[in-house]
Protein chains: 2
Amino acid sequence: MRGTDMDSESILEQPYINITNIIWSFDQITSKVNILLVKRSNKPYNGYWALPETFMRTNESADEAALRLVRAKIGMALSNSHTEQLATFTNRLRTPEQRTLSLAYMTFLPDKPMLKPGYGASDARWFSMDYTESGYAFSDGELTFPTAQSQTESQYYAKLAKSSLSKAHLAYDHEWILKVACERIKNKLDYQPNILLVLGPQFTLKDARLVYAPFLKMPFELIDNSNFKKSHRHLFTDVGTSMSNRPGRPARVYKLSYLFP
Amino acid sequence: MRGTDMDSESILEQPYINITNIIWSFDQITSKVNILLVKRSNKPYNGYWALPETFMRTNESADEAALRLVRAKIGMALSNSHTEQLATFTNRLRTPEQRTLSLAYMTFLPDKPMLKPGYGASDARWFSMDYTESGYAFSDGELTFPTAQSQTESQYYAKLAKSSLSKAHLAYDHEWILKVACERIKNKLDYQPNILLVLGPQFTLKDARLVYAPFLKMPFELIDNSNFKKSHRHLFTDVGTSMSNRPGRPARVYKLSYLFP
DNA sequence: ACAATAGTGTCTCTGAGACACTATTAA
DNA sequence: TTAATAGTGTCTCAGAGACACTATTGT
């Protein structure tokens with residue numbers, strides 16, 4: 001039996017629970033940060049691009065569900081140190097029909113695998129991240145989805161409810177979720193930059209600056225290497241020298257000291 | 001119809017969804033930070049002390065539910081600027097019987113009202129916060145509940161599942177939730193100290209230091225007033241001078257500039 | 001006047017940022 | 001040797017913290 005609440009009213013029906021996962025990767029060729037988007041082939045928002053989602057099963061936690069989604073969609077089995085909770089989105093206006101909550105997580109892939117569409121999606125592609133004057137944008141060369149423009153949550157959902165979204169926008173409130181995600185990552189850059197996991201277990205300072213740059217809204221050349229090294233030495237452990245066949249002095253490689261001690 | 005997942009399996013049953021609210025206040029007499037705990041009179045954990053909880057209704061968001069809980073339990077109607085999301089707790093081991101998720105919020109009351117037990121609780125009391133070597137503790141003079149000792153989430157839940165909790169412990173995983181809450185507040189002290197809302201709309205620097213002290217695990221006298229003022233001037237706006245009938249120079253009063261511009 | 005309280009000024013040390021310089025590689 | 005890349009050293013400035021000093025109240 002469900003316990004009674006302090007309120008006299010009983011609960012008629014529960015909302016559904018979605019796990020939404022923002023899956024990050026890094027393209028070594030283009031040197032750009034990417035996220036995974038899928039084209040929905042279900043109602044609601046059939047034919048819209050969206051963040052990948054799944055439902056939670058009764059015998060798993062939400063972060064296990066997020067990792068299961070990665071395994072099913074990408075075919076990559078990761079430990080939960082590659083996943084972190086973003087936030088939970090519960091606004092009534094976030095779904096058009098059946099009330100659905102979103103438990104949002106982020107997963108950082110150690111490389112950028114090829115994709116194939118899965119169940120519930122007619123297409124799945126990587127979208128590379130860039131910054132704009134008013135926020136961030138994700139593009140696959142054909143389509144571009146900016147993050148939400150609104151400054152506050154209530155402003156955003158008020159607008160969302162007023163006008164029905166065109167297919168030039170992501171489904172649901174996913175543009176808002178992406179905005180929250182980018183800002184969270186930016187805020188953690190100086191004390192827990194888990195986003196660097198997209199570079200794999202080791203990385204050079206240049207790679208790290210390439211990842212930081214779009215979040216800081218600047219070209220990576222403007223991040224001074226000397227200063228960057230000094231202000232991050234408490235986070236990075238030197239683990240040797242990279243070998244490359246390109247001209248120029250080989251770069252040192254580092255690991256995240258708080259994750260791999 | 002519920003949309004189909006990318007996985008072929010369908011979902012048999014959904015977990016329940018609880019709203020858990022950590023309600024903070026400040027006692028002007030004892031100069032201590034307090035939280036509200038209730039003694040449960042329902043299964044499970046009947047007779048145990050716990051954080052106040054409620055269920056979400058279909059026509060409200062989770063933060064609205066948290067504020068409704070405050071209204072019902074305390075009789076105080078607050079705006080959502082007094083509430084913030086903490087995290088969502090989904091571990092399978094967190095509830096003994098029926099699987100239940102907790103969407104955890106924090107509410108900062110502008111004063112410390114008298115309490116009366118409500119539905120689902122045989123008692124409700126304020127517990128004042130103190131720090132210990134290994135964390136924090138909340139006491140009402142009779143009972144004391146420390147925050148969880150474990151350093152990681154998986155460690156905590158492994159221990160929780162192994163031994164059944166005595167009534168000297170809080171119900172469910174609430175000692176873990178409290179640990180996460182205290183650490184979150186501590187981390188935000190230098191850029192978004194919403195915890196100061198427990199002092200009401202205005203406060204003196206001494207009051208602010210009294211609130212900061214337990215989170216920083218030091219007696220408030222060790223927080224240098226001059227340095228504290230300098231390092232928080234970007235957050236506080238001077239709004240005048242307090243009047244007091246006590247000896248000593250009257251203190252200036254401030255407001256949070258990012259909330260009340 | 002004095003105790004009690006609160007606000008101010010100053011010194012030092014550390015860290016961020018600007019920027020010039022040195023080091024190591026492939027061709 | 002040169003272009004390309006990466007690492008190092010140094011100067012300045014701003015902020016954190018220790019601590020001594022001044023200011024304003026009630027009794």
Side-chain angles (χ1 to χ4, degrees), chain A residues 28-31 186-193 196 199-200 202-213 215-255 257-258, chain B residues 28-31 186-193 196 199-200 202-213 215-255 257-258:
Chain A
Q28 298 284 352
I29 311 297
T30 62
S31 292
K186 180 182 178 181
N187 287 332
K188 294 182 80 169
L189 244 31
D190 281 337
Y191 68 98
Q192 199 180 97
L196 291 179
L199 297 172
Q202 298 179 349
F203 51 86
T204 66
L205 291 184
K206 182 185 178 184
D207 288 342
R209 284 155 53 216
L210 283 165
V211 171
Y212 274 51
F215 293 98
L216 298 174
K217 299 190 177 187
M218 52 168 72
F220 96 97
E221 302 90 351
L222 290 187
I223 306 177
D224 183 272
N225 192 282
S226 171
N227 296 333
F228 183 80
K229 179 181 181 179
K230 275 185 283 185
S231 55
H232 292 81
R233 88 189 109 75
H234 61 299
L235 297 169
F236 302 162
T237 306
D238 188 324
V239 290
T241 302
S242 72
M243 34 213 159
S244 70
N245 297 327
R246 290 174 306 116
R249 177 173 174 172
R252 310 231 57 159
V253 291
Y254 299 86
K255 63 178 181 180
S257 42
Y258 65 93
Chain B
Q28 298 284 352
I29 310 296
T30 62
S31 292
K186 180 183 179 181
N187 287 333
K188 294 182 80 169
L189 244 30
D190 281 336
Y191 68 96
Q192 200 181 95
L196 291 179
L199 296 172
Q202 297 179 350
F203 52 86
T204 65
L205 292 184
K206 184 187 177 183
D207 288 342
R209 283 155 54 217
L210 283 165
V211 172
Y212 274 50
F215 293 98
L216 298 174
K217 299 192 178 188
M218 52 168 72
F220 96 99
E221 303 89 352
L222 290 188
I223 307 177
D224 183 273
N225 192 282
S226 171
N227 296 334
F228 183 79
K229 178 180 182 180
K230 274 185 284 185
S231 55
H232 291 83
R233 87 188 110 74
H234 61 298
L235 297 169
F236 302 162
T237 307
D238 187 324
V239 291
T241 303
S242 71
M243 35 213 159
S244 71
N245 297 326
R246 291 174 306 115
R249 177 172 175 173
R252 310 230 57 155
V253 290
Y254 299 85
K255 63 178 181 179
S257 41
Y258 64 92

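In what follows, chains carry the letters A, B, and so on, assigned in the order in which the sequence lines appear, proteins first and then strands, with residues in each chain numbered from 1.
The distance between atom CZ of B:Arg209 and atom C1' of C:dT5, rounded to the nearest whole Å, is 11 Å. One interatomic measurement links the two molecules: CD of B:Glu221 to P of C:dA4, which rounds to 15 Å at whole-angstrom precision. To the nearest angstrom, P of D:dA6 lies 6 Å from CZ of A:Arg246. To the nearest angstrom, P of C:dT5 lies 17 Å from CG of B:Asp224. Atom CE of A:Met243 and atom P of D:dA6 are 16 Å apart (whole Å). The distance between atom CD1 of B:Ile223 and atom P of D:dA18, rounded to the nearest whole Å, is 11 Å. In this structure, B:Tyr212 atom OH and D:dA16 atom C1' are separated by 15 Å, rounded to whole Å. If you take CZ of B:Arg249 and C1' of C:dT8, they are 8 Å apart, rounded to a whole angstrom.
At least one side-chain heavy atom of B:Lys206 sits under 4.5 Å from a side-chain heavy atom of B:Phe220. Counting heavy atoms from C-beta outward, B:His232 and B:Asp190 have side chains that approach closer than 4.5 Å. Taking 4.5 Å as the limit, some side-chain heavy atom of A:Phe203 sits within range of a side-chain heavy atom of A:Tyr254. No side-chain heavy atom of A:Lys188 sits under 4.5 Å from any side-chain heavy atom of A:Phe215.
Nearest to the side chain of B:Asn227, among C:dG17, D:dC19, D:dT24, sits D:dC19. Across C:dT24, D:dA6, C:dG7, the shortest atom-to-atom separation from the side chain of B:Arg252 is found for C:dG7.
Mapping B:Gly248 and B:Tyr254 onto DNA chain C by nearest heavy atom places B:Gly248 closer to the 5' end of the strand. Taking for each of B:Ser231 and A:Lys206 the nucleotide of DNA chain D with the nearest heavy atom, the 5'-most of the two is the partner of A:Lys206.
Base contact: A:Ser226 has a heavy atom under 4.0 Å from a base atom. Looking at heavy-atom distances under 4.0 Å, B:Lys230 makes contact with a base. Residue B:Lys229 is classed as a sugar-phosphate contact, given heavy-atom separations below 4.0 Å to backbone atoms only.
OP1 or OP2 of C:dG7 has at least one side-chain nitrogen or oxygen of B:Asn225 nearer than 4.0 Å.
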| Stepwise side-chain contact (heavy atoms from CB on, under 4.5 Å) test for B:Phe236 and B:Leu196 | CA-CA 11 Å; B:Phe236 302 162; B:Leu196 291 179; 3.7 Å; yes

